[in-house]
Amino acid sequence: MAYPAEKIKTVLIIDDDADDRSMFCEALHIVDESVECIAAQDGLEALGLLRAQGSPLPDFIFLDLNMPRLTGQECLSEIKKTRSLDHIPVIIYTTSRQQTDIDEAKSLGAACFITKPNTFDGICKSIAGVLTPGRV
């Protein structure tokens, strides 16, 4: 199951659950083995990576909402108000199905909102759907 990703080089997953990060990166590798998966365990670590001098920026950011230290909403807000980062599509990738979370994420600038699938194949399909040119 290989899905071509046009010029996508890196994807950043921000999630406090180590198993979810690992599964996401594994699924991303199946979707397109040429895309590098970068992982951060929370919003503060992610912002540090994104703001590091000379570090390449990811082509997409997948962001969980429910995290300690800095929530997904707070992290999204920081990304979108930082001029060097505001162009990066941020995909909310969370267990929430709450309409209030969806509405808030969109108002903060999220490109789309995905409720985490509960199968590995579902994760692959979700990632492939986002990486399809013209989707986001």
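All values below come from the heavy atoms of this structure, side chains included, with hydrogens, waters and symmetry mates left out.
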All N/O donor-acceptor pairs, side-chain side in residues 41-50, below 3.5 Å, sequence neighbours left out:
| unit_1 | atom_1 | unit_2 | atom_2 | d |
| --- | --- | --- | --- | --- |
| D42 | OD1 | L44 | N | 3.0 |
| D42 | OD1 | E45 | N | 2.8 |
| D42 | OD1 | R69 | NH2 | 3.2 |
| D42 | OD2 | R69 | NE | 2.8 |
| D42 | OD2 | R69 | NH2 | 3.0 |
| E45 | OE1 | Q41 | N | 2.8 |

- Query: Say you draw a straight line from CG of L65 to CD1 of I92; how long is it, rounded to the nearest 0.5 Å?
  - Reply: 5.0 Å
- Considering non-hydrogen atoms only, spot the tightest contact between A27 and I127 and give its length. CB-CD1, 3.8 Å
- Message: Suppose we screen for side chain to side chain contact (heavy atoms under 4.5 Å, CB included). Which residues come up paired with T71, at least two apart in sequence or across chains?
- Response: Q73, E74
- If you look only at pairs with a residue in residues 9-37, which of them pass as a ring pair (Phe, Tyr, Trp, His ring centres under 6.0 Å), with sequence neighbours excluded? F24-F62, F24-Y93
- Query: Which value, rounded to the nearest 0.5 Å, describes the distance between D64 atom CG and T95 atom OG1?
  - Reply: 6.5 Å
- About how many Å separate CG of L70 and OG of S77, when rounded to the nearest 0.5 Å? 9.5 Å
- For the pair V90 and K80, evaluate side-chain contact (heavy atoms from CB on, under 4.5 Å) and give the outcome as yes or no after the intermediate values. CA-CA 9 Å; V90 178; K80 291 303 175 182; 4.0 Å; yes
- Output all residues satisfying side chain to side chain contact (heavy atoms under 4.5 Å, CB included) with S96, sequence neighbours left out; order by chain, then residue number. T94, Q98, D101, F113
- Query: Can you tell me how far OG of S126 sits from CG of D121, rounded to the nearest 0.5 angstrom?
  - Reply: 9.5 Å
- Query: Among pairs that include at least one residue of residues 35-74, which meet disulfide (SG to SG under 2.5 Å), considering only residues two or more places apart or in two chains?
  - Reply: C25-C37
- Note on the structure: Applying side-chain hydrogen bond (donor to acceptor under 3.5 Å, both in side chains) to D103 and not counting sequence neighbours gives Q99
- Is there side-chain contact between C75 and L63, with at least one heavy-atom pair below 4.5 Å? yes
Under 3.5 Å, which donor-acceptor pairs do the side chains of residues 81-89 form with other protein atoms, sequence neighbours left out?
| unit_1 | atom_1 | unit_2 | atom_2 | d |
| --- | --- | --- | --- | --- |
| K81 | NZ | E78 | OE2 | 3.1 |
| T82 | OG1 | R51 | NH2 | 3.4 |
| T82 | OG1 | E78 | O | 2.7 |

- Message: Within the structure provided, determine whether I123 and P117 are in side-chain contact (heavy-atom separation under 4.5 Å).
- Response: yes
- Message: Pair I61, L76 - check side-chain contact (heavy atoms from CB on, under 4.5 Å), show working.
- Response: CA-CA 10 Å; I61 297 171; L76 175 58; over 6 Å; no
- So ring pair (Phe, Tyr, Trp, His ring centres under 6.0 Å) across residues 64-84, not counting sequence neighbours, yields none
What side-chain donor-acceptor pairs closer than 3.5 Å can you find for residues 14-21, not counting sequence neighbours?
| unit_1 | atom_1 | unit_2 | atom_2 | d |
| --- | --- | --- | --- | --- |
| D15 | OD1 | D17 | N | 2.9 |
| D15 | OD2 | K116 | NZ | 2.5 |
| D17 | OD1 | D19 | N | 2.9 |
| D17 | OD1 | D20 | N | 2.9 |
| D20 | OD2 | K116 | NZ | 2.8 |
| R21 | NH1 | D15 | O | 2.6 |

- Item | Considering all heavy atoms, the nearest P58-T10 contact | CA-OG1, 2.9 Å
